[in-house]
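Each residue takes its place number in the sequence, starting with 1.
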Amino acid sequence: MGRSWWGWGDDDAAVTGAEAAALEQRVASLLPGVDLTAHRPPDVRDVPLPAPRVSAPGSLRALVSDGHDDRAAHARGKAFRDVVRNLHGTVGHVPDLVARPRTEQDVCDVLDWCTGAGIAVVPYGGGSSVVGGVEPRFDGPAVSLDTTAMGRVLEVDAASRAARVQAGILGPALEDAVRPSGLTLRHFPQSFEFSTLGGWLATRAGGHYATVLTRIDDLAESLRVVTPVGTSASLRVPGSGAGPSPDALFLGSEGTLGVITEAWMRLQDRPRFTASAAVHFGEYARGIAATRALAQSGLAPSNCRLLDPVEAMLNAGTASQGGVLVLGFESADHPVDAAMDRAAELCADHGGKVRDRRSDDRAGGRGAEGAEGAGGPARRWRSSFLRMPYQRDALAARSMIVETFETACTWDRFDALRHAVTAAAQDAMAQEGAPGVVSCRFTHVYPDGPAPYFGVYAAGRWGATVAQWDGIKAAVSGAIAREGGTITHHHAVGRDHRPWYDEQRPDVFAGAFRAAKSALDPGGVLNPGVLVDSAPRPVPADRRTADGGSPGTGAPR
C-alpha cells in the first residue's frame, strides 16, 4: 500500500470499519434519510488514458516517466472535485510525461527542452493542491515536473537559526533533518505530510501559527528559482530595503514564473513550554469579540481557532451554544502560563468560560501538535483536523458534498461577510437540491481581521456532486468578493479561483505581472492558465539565456 492515486494521503489510512460506521451515523443524524451508499474507486489500471503526445530527448529519458499509474497520479490535486472525478474514473487532462529532476541542472535542462519545443510544464510538489493548481487543464502536451527527488536539507546555520533546504522536501523529512540541531521550521499546514517546501512557498501557504508567523512568507530568508531565461538567487540577509524584494515576486507565483529549487528558511528553537485551553461562549458574537481582543492584545497566541457551534459539534464533538475557542501558547524560552492567564481574563470579559486548561514544560517540545494537544474539545478537534481529508474522501464516495472555502477580511466586515456567505451557500444548496449545513472556524487571526474557513456538508446525488459543488462554489465566491474578502487566504489561486482573482487584483498590477511573465517565461510554458493566461510556444535558443546569467549559476550563500 502507498499513496492513494485518487484521494488523500496513504491508502492504508483510509476511513474503514468502525470509523466509517461512526461517520455515517453522524451524517445520518445531521441529514436524516440521506443515501450513504458507498462507491468504490476504480483500479487505476482500468482508467483509460490517452497516449503521450511527446517523448523526451535521449539526454532526459532517465528523468522521465510515461507510466500509466504515474501519469494518472499526477493529473490532479486533492480538491473535492478532483476526488469525485477520480472516483468516477473520468480523469480528463493528464500530463504526457512526468519528469523527476534530481539536481537543479536537471530542472534547467527540462525547462530548456520544453521552452524550445513549446511544451507546457506544470511544477508539482506533493500534489496536495485543492484549487486546480497542478491539473494540466488546457490543450496541448504537458510535462509534470515532480520536484520530490530534490528533497534534502543541504546546510544548517545554527548560529543564525536557518537552513538551506531543497524545495522538493516533504514536511516530515524537513523536520526530521533539523531536529538534531534542536530546531524546527514549525510550519504545519493540514497537508504537512504530503506537501513540499517548494509548494508552500509557491502558494504562500498558511501554517501552524494563528498569529504573527502565520504564513510561509514570514519564514523565508532567501529563494533560489530557475526560470526559462536564467536563475534568480536572492541575497541571504535578515532584512533589506534595497528596492522591491525579488523573493516577493516568486512567493505565491504558483509555478508561473519559475521553479523554486531551494531556499534558506528561518528556523526556531523547539518549544519547551506550552499552555492550552478550550474556551466556551454562550453567544457566538461574544466569541468573535473575545478573539478580536486576543488578536489585538499583543499576546500572540500560537493557536487561536474559534469554532462556531456547527464546527464545534461536527469536528470537536462538543455542544456549545456560542462556539468554542481553541487557544494555545508556546515558547522555547520561558513558561507561558502568564500569557494564558491574561488571555483567560480577556475571554472572561466577553463571557468566555475556560475549560480543559493544561500546561506542559517538557524539554524538546511536543511535535507537530504544539499547543493543540490539550484534552477535551481541543484534543478532539485536533484529531478530527488530521482525519478531515480522509473523512472527506469517504463521504465523497457516499454522494456527500464535503468541501471548504476560506478567505480573510477586516474585523468590521466579518459579520456581514459571514451572513452573506452562509446565505449564498444555503441558497445554492437549495437550488442544487443538496440540503446541508455550513460551518465556520478561524484558522488565523490578525489585529485587523480574521481568516474564516467555511465548511459545507450537503447531501448530493451520485453522478452530479461535482456540478452541484461548482454551483455552490460559484455562489459563495461571488459573495466573498462582494463583501470585500480575499478569494483565498492560504490555498492559492490555481485554476479554480481565477475568475474572482481577476476581479480582486488591480489592473495595473495585472499588467506588470504579465510583463514579468513574458520576461521570465517567454515561451509561456510554465503552468498555463494560472494567475495569467499564457499559451506555450517554441522559443529559439538565443532567447532563452538572460544577461543576468544562464541557468545553474550562483549559490544562495
Side-chain angles (χ1 to χ4, degrees), residues 186 206-214 218 271 273-312 316 318-361 366 369-382 385 408-418 439-453 489:
R186 209 138 186 83
H208 166 73
Y209 290 105
T211 65
V212 187
L213 300 177
T214 59
D218 303 314
F273 304 93
T274 67
S276 52
V279 186
H280 293 246
F281 294 91
E283 299 175 27
Y284 185 54
R286 302 196 77 183
I288 295 168
T291 306
R292 177 165 61 88
L294 283 166
Q296 296 175 346
S297 68
L299 290 170
S302 58
N303 196 14
C304 193
R305 302 177 190 266
L306 180 66
L307 317 180
D308 76 356
V310 176
E311 182 76 18
T318 300
S320 178
Q321 186 174 354
V324 177
L325 176 63
V326 180
L327 185 61
F329 292 87
E330 62 184 57
S331 173
D333 177 72
H334 54 269
V336 291
D337 296 297
M340 179 60 82
D341 289 341
R342 179 57 188 143
E345 291 175 352
L346 284 174
C347 290
D349 291 342
H350 297 277
K353 296 182 179 179
V354 176
R355 301 176 187 172
D356 308 301
R357 179 168 171 174
R358 180 176 174 182
S359 296
D360 195 358
D361 62 354
R366 302 174 59 88
E369 71 272 18
E372 295 175 19
R379 185 191 67 246
R380 291 194 295 271
W381 186 86
R382 176 184 174 270
F385 176 77
C409 63
T410 51
W411 286 110
D412 64 310
R413 291 177 178 265
F414 172 67
D415 193 53
L417 182 143
R418 180 175 68 89
S439 69
C440 179
R441 69 177 184 265
F442 292 163
T443 60
H444 305 80
V445 291
Y446 303 89
D448 48 346
Y453 191 101
H489 173 263

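No donor-acceptor pair closer than 3.5 Å links the side chain of His444 to the backbone N or O of Val212. No side-chain donor-acceptor contact under 3.5 Å links Trp411 to the backbone of Ala289. Side-chain atoms of Asp356 never come within 3.5 Å of backbone atoms of Ala278 as a donor-acceptor pair (strictly under, hydrogens ignored). Although no hydrogens or angles enter the test, the distance criterion places no donor-acceptor pair under 3.5 Å between the side chain of Arg357 and the main chain of Ala277. A donor-acceptor pair under 3.5 Å is absent between the side-chain atoms of Glu283 and the main chain of Gly322, judged by distance alone. Thr318 places a side-chain N or O within donor-acceptor distance of the main-chain N or O of Ala316, the cut-off being under 3.5 Å.
Residue Phe385 comes nearest to Arg441 through the heavy atom pair CE1-NH2, 4.0 Å, listed as atom of the first residue, atom of the second, then distance. Closest heavy-atom contact between Leu325 and Leu306: CD1-N, 3.8 Å. Taking both residues in full, the closest heavy atoms of Val445 and Phe442 are given as CG1-CD1, 3.9 Å, listed atom of the first, atom of the second, then distance. For the pair Val354 and Ala344, the tightest heavy-atom approach, listed with the atom from each and the gap, is CG2-CB, 3.8 Å. Summarising the geometry of Cys347 relative to Ala290, their closest heavy-atom pair is CA-CB, 4.2 Å, with the distance given to 0.1 Å. Residues Pro452 and Ala408 share a closest heavy-atom pair of CD-CA, 4.0 Å.
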TODO: Go through the steps for Leu327 and Leu294 under the test side chain to side chain contact (heavy atoms under 4.5 Å, CB included), then give the verdict.
DONE: CA-CA 10 Å; Leu327 185 61; Leu294 283 166; 4.0 Å; yes

Open item on the list: Using side chain to side chain contact (heavy atoms under 4.5 Å, CB included), reason through Asp337 and Phe273 one step at a time and then give a plain yes or no.
Closed with: CA-CA 9 Å; Asp337 296 297; Phe273 304 93; over 6 Å; no

- [ ] Step by step, work out the side chain to side chain contact (heavy atoms under 4.5 Å, CB included) result for Glu330 and His208.
- [x] CA-CA 12 Å; Glu330 62 184 57; His208 166 73; 3.2 Å; yes

Task: side chain to side chain contact (heavy atoms under 4.5 Å, CB included) evaluation trace for Phe329 with Arg342 - done: CA-CA 11 Å; Phe329 292 87; Arg342 179 57 188 143; over 6 Å; no

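The distance from atom NZ of Lys353 to atom NE2 of His280, rounded to the nearest 0.5 Å, is 10.5 Å. Distance check, rounded to the nearest 0.5 Å: CG of Leu346 to CG of Asp341 gives 11.5 Å. Between the OG1 atom of Thr291 and the CZ atom of Arg305 there is a distance of 12.5 Å, given to the nearest 0.5 Å. The line from SG of Cys304 to CG of Leu299 is 9.5 Å long, rounded to the nearest 0.5 Å. Separation of atoms CG (Leu307) and OH (Tyr284) is listed at 9.0 Å; rounding is to 0.5 Å.
Counting heavy atoms of neighbouring residues, nucleotides and ligands inside a 6.0 Å radius, atom CD of Gln321 does not exceed 12 of them.
Under the 6.0 Å distance and 45° angle rule, Arg292 does not count as a cation-pi partner of Phe414.
Side chains of Ser302 and Arg186 form no contact here, defined as non-hydrogen atoms less than 4.5 Å apart.
One side chain, Thr410 or Asp412, offers a donor N or O that lies under 3.5 Å from an acceptor on the other.
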